[in-house]
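All figures in this text were calculated on a predicted structure; none of them were measured in a lab. Numbering of ligands and ligand atoms starts at 1, following listing order.
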Amino acid sequence: MKRLVATALVAGLLTSSASAATIKIGVVGPFSGPFALQGKNFKAGIDAYLATNGNKVGNDTVEVVYRDLPAADPGKSAALSRELVVQEKVQYLAGYYFTPDALAAAQILQEANTPMVIFNAATSAILKASPLAVRTSFTTPQTSAPMANVAKQKGFDKVITVVSDYGPGVDSENAFKAAFTAAGGTVVESIRMPMTTNDFSPILQRAKNSGAQAIFAFLPSGPPTLGFVKAYNENGLKEAKIALLAPGDLAQESDLPALGGAALGLLTTFHYAVSHDSPENKAFVAAAGKAIGNSQELSFPAVGAYDGMHVIYKMIQATGGKQDAAKAVAAVQGFSWTSPRGPVSIDANTRQLTQNIYLREVAKAANGSFMNKEIQTFPNQIDPASK
Ligand code: PHB
């Protein structure tokens with residue numbers, strides 16, 4: 001009898017410890033260096049989700065472990081991701097600001113039995129690199145193609161494209177070109193710049209000489225976009241009546257104070273504006289603003305991280321906290337929810353996120369600060385590169 005009770009006790013202890021585990025999520029992102037504000041937004045989105053939803057899923061406790069990857073560096077991304085899996089024993093890999101870093105991490109998912117939830121990296125084909133990858137940000141084809149329609153609506157027939165020469169830039173250029181050409185427009189020239197370019201004057205001079213009525217541009221959000229928009233403002237393009245059109249990476253809210261009045265009227269297409277008018281976004285901005293400290297620093301990577309946590313919580317529920325990457329990913333194929341950005345769903349086949357894309361204009365808010373004001377909605381946009 002005594003022994004039976006003891007066995008039951010031990011069994012009880014074992015079951016309770018097995019069903020009350022700590023589940024670790026490894027997050028890789030730029031937490032130092034020139035893109036540190038983008039990583040800070042990952043953390044703000046995660047902290048906002050934890051503050052709103054708690055750190056428990058059933059009996060399990062969620063713990064987030066961070067690794068700093070300041071710049072695009074696929075070798076270091078693979079090493080940090082492997083370290084998170086092997087040493088930290090994370091069950092989920094998440095984050096990844098730059099495409100090359102997400103692509104490198106995608107290579108280890110299968111052997112590690114670990115899903116990857118991408119909070120930002122936006123090249124369409126990343127999801128083809130592993131069946132265990134999903135994404136809660138956007139693809140640049142998705143955010144760029146609607147701008148072709150806007151360009152036509154504005155009466156532009158000739159556009160020059162200027163993009164950073166790597167995955168999301170090439171994707172953006174291709175998607176804009178295809179949609180603009182289909183709408184009857186002409187892309188007069190396409191310039192691809194090395195990611196390290198920071199003197200944009202010669203490129204803007206070429207744009208001036210190209211005969212284009214507008215520039216369509218993509219660069220990764222951070223110092224490059226701030227520098228490019230500043231150079232556009234300072235190189236007489238507006239006076240020459242050459243418009244700037246871009247996906248919203250070029251007008252992230254955290255850059256608007258530095259751009260000041262010169263950015264007023266800038267048109268961009270994107271999945272998320274901090275000003276988005278919905279109860280879900282008001283709650284999100286309150287929580288993420290508190291997490292980041294200065295709400296003027298809030299930008300789109302925070303919403304990618306917040307929704308990414310939502311997807312990971314769903315995966316933890318579906319697997320009962322057990323490490324089963326295939327089951328976790330299957331559980332979110334077709335998953336839909338109301339994000340701070342609006343309605344979203346993970347496509348059951350492509351795993352790309354279907355979402356609204358908004359046309360926004362930089363405007364002055366009632367309190368004198370600058371904002372992206374949503375003025376048109378392109379509803380339920382799929383990733384056009386996954387058709
Ligand atoms: C990317 O590398 O995929 C990337 C980075 C920053 C952006 C968009 C895409 O703003």
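Short contacts between ligand 1 and F218, defined as distances under 4.0 Å to a heavy atom of the residue, involve ligand atoms 8 (C), 9 (C). The distance from ligand 1 to the heavy atoms of F300 drops below 4.0 Å at these ligand atoms: 10 (O). Near F98, with a cut-off below 4.0 Å to any heavy atom, the atoms of ligand 1 are 1 (C), 2 (O). Each of the atoms 1 (C), 3 (O), 9 (C) of ligand 1 lies under 4.0 Å from some heavy atom of A122. Close contacts of ligand 1 with P220, meaning ligand atoms under 4.0 Å from a residue heavy atom, involve 5 (C), 6 (C), 7 (C), 10 (O).
Within the 6.0 Å centre-distance limit, the rings of F98 and F35 are counted as a close aromatic pair. Ring centroid separation for the pair F228 and F200 comes in under the 6.0 Å cut-off.
The salt bridge (Lys or Arg N to Asp or Glu O under 4.0 Å) check on E253 picks up nothing, with sequence neighbours excluded.
Of all heavy-atom pairs between M371 and S275, the closest is CE-CB, 3.6 Å.
Test F378, F138, Y358 against H271 for ring pair (Phe, Tyr, Trp, His ring centres under 6.0 Å) and you get one pass: F138. Checked against V274 for a side-chain contact (heavy atoms from CB on, under 4.5 Å), the options V303, V285, N372 give a single hit: V285.
With a 4.0 Å cut-off on non-hydrogen atoms, N120 touches ligand 1 through its side chain and not its backbone. Residue-level proximity to ligand 1 for S221 is carried by backbone and side chain together, each with a heavy atom below 4.0 angstrom. Under 4.0 Å from ligand 1, not a single heavy atom of F35 appears.
Considering only non-hydrogen protein atoms, atom 3 (O) of ligand 1 sits nearest to T99 OG1, 2.5 Å. Nearest protein neighbour of atom 7 (C) of ligand 1, counting heavy atoms only, is D249 OD2, 3.4 Å.
Atom NZ of K76 has more than 12 heavy atoms from other residues, nucleotides or ligands within 6.0 Å.
In this structure, of Y166, Y96, F138, the residue bringing a heavy atom nearest to atom 4 (C) of ligand 1 is Y166.
Here the side chain of T181 pairs no donor or acceptor atom with the backbone of A178 at under 3.5 angstrom.
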